Enquirer: 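What follows is a single structure, and I will ask about it in a moment.
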Amino acid sequence: MQTQTLNIVGAGRVGQTLAHLWHQHGVFTVQDVLTTRPDTAQAACAFIGAGTACTSTQALRPADVWMLATPDARLPEAITQLEKRAPDLGTRPPAPLVFHCSGALDSGLLLPLQVRGWQVASAHCILSFATPTMAVQQFAGTPCALEGNSPSQAKLQTAFEAIGAQCFEIRKEDKLLYHAAAVFATNFLPVLQSVAEEAWRAVGVPELLLPHLRASLLHNAVTNILALGPQKALTGPAARGDLPAIERQAQAVRQWDAPSGAAYEALSQLALRLAGKA
């Protein structure tokens, strides 16, 4: 049985990772790969292991499935360009399936293509796509949120589960809070580590010790959370309910750096709530 064709619009880290895995597992036949520059399109095809590099929407051929993996800010323009070519691209039955990979935006963004008869959905994988190579190695078992009409979700669930994802359904109205939770879980950790290291530098902690502090504290914190859960893994003044210590430290951080001080206060309130000491 011939596999369905896949076109990719925007082949950054997410697009390359998913396309590589689908190609590797024979889920889709990767057809056209569109990016803004010839070198990035060619590099994406090389990593994926398949596909024709494209730099213009006009060069794209009809396909069964379309993945829009551009940054969120570029999605409207990508959709507009596809809508202009929809009569040429969406002629083969059944109707093409188009989905985007945004965590915060829902499939309603694809309405211009839906009214043209295309199936629409969104799919977001809860994984830090640091590099395509690392993401490919880490992908197995990744939770994937699917949103859209039922036929679209069913088709995407089959495709994502074939490469090891754990799929679940999410409502359109919940996408923003869902994605904010992923930001808390992943994106803020590097920020907090950076603030800690900047503060240590400010007070004269030797630079040579910072890699050890980074490795040991992060490793121990993650190990404790995995073993005990967030509440029991909590340590420090909030776990003890030591409000005077929290206020003194908050003042010291504010004097050093105002945004970091505000973050320290807000996170301390959340830590106190977690500890049941609020």
Side-chain angles (χ1 to χ4, degrees), residues 4-19 22 27-28 31-36 57-58 60 62-129 142-161 163 165-187:
Q4 292 192 310
T5 53
L6 171 70
N7 279 357
I8 304 161
V9 178
R13 291 172 289 185
V14 174
Q16 289 183 48
T17 300
L18 295 176
W22 280 325
V27 178
F28 293 123
Q31 183 176 258
D32 295 333
V33 179
L34 173 67
T35 70
T36 56
T57 308
Q58 296 303 314
L60 297 173
D64 300 304
V65 180
W66 293 74
M67 175 169 62
L68 309 186
T70 68
D72 287 9
R74 295 182 183 176
L75 272 173
E77 176 60 21
I79 294 166
T80 298
Q81 293 300 316
L82 285 183
E83 182 190 9
K84 291 177 180 178
R85 290 210 57 211
D88 300 324
L89 298 174
T91 54
R92 67 169 66 177
L97 165 61
V98 57
F99 70 98
H100 66 67
C101 299
S102 169
L105 302 174
D106 61 57
S107 61
L109 194 67
L110 298 165
L111 181 61
L113 292 170
Q114 185 176 18
V115 298
R116 296 277 190 174
W118 292 34
Q119 301 176 66
V120 300
S122 70
H124 179 260
C125 301
I126 308 178
L127 178 69
S128 295
F129 290 83
T142 293
C144 182
L146 303 179
E147 173 271 320
N149 58 45
S150 296
S152 300
Q153 283 193 48
K155 186 179 292 186
L156 286 180
Q157 181 168 346
T158 299
F160 276 96
E161 288 182 347
I163 57 176
Q166 299 186 73
C167 297
F168 62 95
E169 182 179 352
I170 191 168
R171 300 183 304 170
K172 283 184 179 181
E173 55 268 33
D174 291 335
K175 283 294 293 284
L176 281 173
L177 181 58
Y178 152 81
H179 191 254
V183 171
F184 271 109
T186 59
N187 300 155

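Along the sequence shown, residues are numbered consecutively beginning with 1. Just so it is clear, the values below take in all heavy atoms, side chains as well, and ignore hydrogens, waters and symmetry mates. Just so we're clear, the structure is a prediction, and the values are computed from it rather than from any experiment.
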Enquirer: Kindly give the heavy-atom pair with the smallest separation between C125 and C144, and that separation in Å.
Expert: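 Of all heavy-atom pairs spanning C125 and C144, the closest is SG-SG, 3.7 Å.
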Enquirer: Kindly give the heavy-atom pair with the smallest separation between A73 and P76, and that separation in Å.
Expert: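 Of all heavy-atom pairs spanning A73 and P76, the closest is O-CD, 3.7 Å.
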Enquirer: Would you name the heavy atoms of A11 and V33 that are closest together and state the gap between them?
Expert: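 Here A11 and V33 meet closest at CB-CG1, 3.6 Å.
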Enquirer: Any side-chain heavy-atom pair from D64 and L6 closer than 4.5 angstrom?
Expert: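 No. Closest side-chain heavy atoms not under 4.5 Å.
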Enquirer: Check whether any side-chain heavy atom of L146 sits under 4.5 Å from a side-chain heavy atom of I170, and report yes or no.
Expert: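 Answer no - side chains too far apart.
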Enquirer: Just by distance, do the side chain of K172 and the backbone of D106 share a donor-acceptor pair under 3.5 Å?
Expert: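 No, the answer is negative, given that no donor and acceptor are paired below the 3.5 Å cut-off.
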Enquirer: Answer with yes or no whether the side chains of Q157 and Q153 bring together a donor and an acceptor at under 3.5 Å.
Expert: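 Per modelled atom types, Q153 and Q157 side chains form no pair under 3.5 Å.
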Enquirer: Could you report the tightest heavy-atom contact between V120 and L97, atom names first, then the distance?
Expert: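 Distance-wise, the nearest heavy atoms are N-CD1, 4.3 Å.
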Enquirer: Please give me the minimum heavy-atom distance between G15 and M67, naming the atom from each residue.
Expert: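 In this case the closest contact between G15 and M67 is O-CE, 3.7 Å.
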Enquirer: First locate atom NE2 of H124, then atom OH of Y178, and finally report the distance between them rounded to the nearest 0.5 Å.
Expert: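 One gets 4.5 Å once the value is rounded to the nearest 0.5 Å.
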Enquirer: Test: side chain to side chain donor-acceptor pair (under 3.5 Å). Region: residues 70-79. Which pairs qualify, not counting sequence neighbours?
Expert: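 Found D72-S102, E77-Q81.
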Enquirer: Looking at side-chain heavy atoms only, is the closest gap between K155 and Q4 below 4.5 Å?
Expert: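 SC-SC contact between K155 and Q4 confirmed.
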Enquirer: With rounding to the nearest 0.5 Å, note down the distance linking SG in C101 to CG in L68.
Expert: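 Reported to 0.5 Å precision, the distance equals 7.5 Å.
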Enquirer: To the nearest 0.5 Å, what is the distance between CG (L113) and OG1 (T80)?
Expert: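 Answer rounded to 0.5 Å: 9.0 Å.
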Enquirer: Nearest 0.5 angstrom please: R116 CZ to L111 CG, how far?
Expert: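 Reported value, rounded in 0.5 Å steps: 11.5 Å.
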Enquirer: Mind listing the closest non-hydrogen atom pair of A63 and Q31 along with its distance?
Expert: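 Taking every non-hydrogen atom into account, CB-NE2, 3.8 Å.
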Enquirer: Under 3.5 Å, is there a donor-acceptor pair between the side chain of S152 and the main chain of G148?
Expert: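 Here the side-chain-to-backbone pair does not exist.
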Enquirer: Please walk me through it: do V65 and T5 pass side chain to side chain contact (heavy atoms under 4.5 Å, CB included)?
Expert: CA-CA 6 Å; V65 180; T5 53; over 6 Å; no
Enquirer: Once salt bridge (Lys or Arg N to Asp or Glu O under 4.0 Å) is applied, do any residues pair with D32, and if so which ones, sequence neighbours excluded?
Expert: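 Salt bridge (Lys or Arg N to Asp or Glu O under 4.0 Å) list for D32, sorted by chain: R61.
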Enquirer: Once you round to the nearest 0.5 Å, how far does CZ of F99 lie from CD of Q119?
Expert: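 Interatomic distance, F99 CZ to Q119 CD, rounded to 0.5 Å: 12.5 Å.
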Enquirer: Begin from the C-alpha positions of H100 and L110 and carry the test side chain to side chain contact (heavy atoms under 4.5 Å, CB included) through to its verdict.
Expert: CA-CA 8 Å; H100 66 67; L110 298 165; 3.9 Å; yes
Enquirer: For the atom pair CD (Q58) and CG (L34), what is the distance rounded to the nearest 0.5 Å?
Expert: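 Spacing of CD (Q58) from CG (L34) equals 11.0 Å.
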Enquirer: Using side-chain heavy atoms (C-beta onward) and a distance below 4.5 Å, is W66 in contact with I8?
Expert: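 Of all side-chain heavy-atom pairs linking I8 with W66, none is under 4.5 Å.
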Enquirer: Is there a side-chain contact between N7 and P96 (heavy atoms, below 4.5 Å)?
Expert: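 No - every pair of side-chain heavy atoms lies 4.5 Å or more apart.
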Enquirer: In this structure, is the centre-to-centre distance between the rings of W22 and F160 below 6.0 Å?
Expert: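 They qualify: ring centres under 6.0 Å apart.
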Enquirer: Just by modelled atom types, is the L60 backbone N or O under 3.5 Å from a matching donor or acceptor in the R85 side chain?
Expert: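 Yes; judged by distance alone, with no hydrogens or angles, the pair exists.
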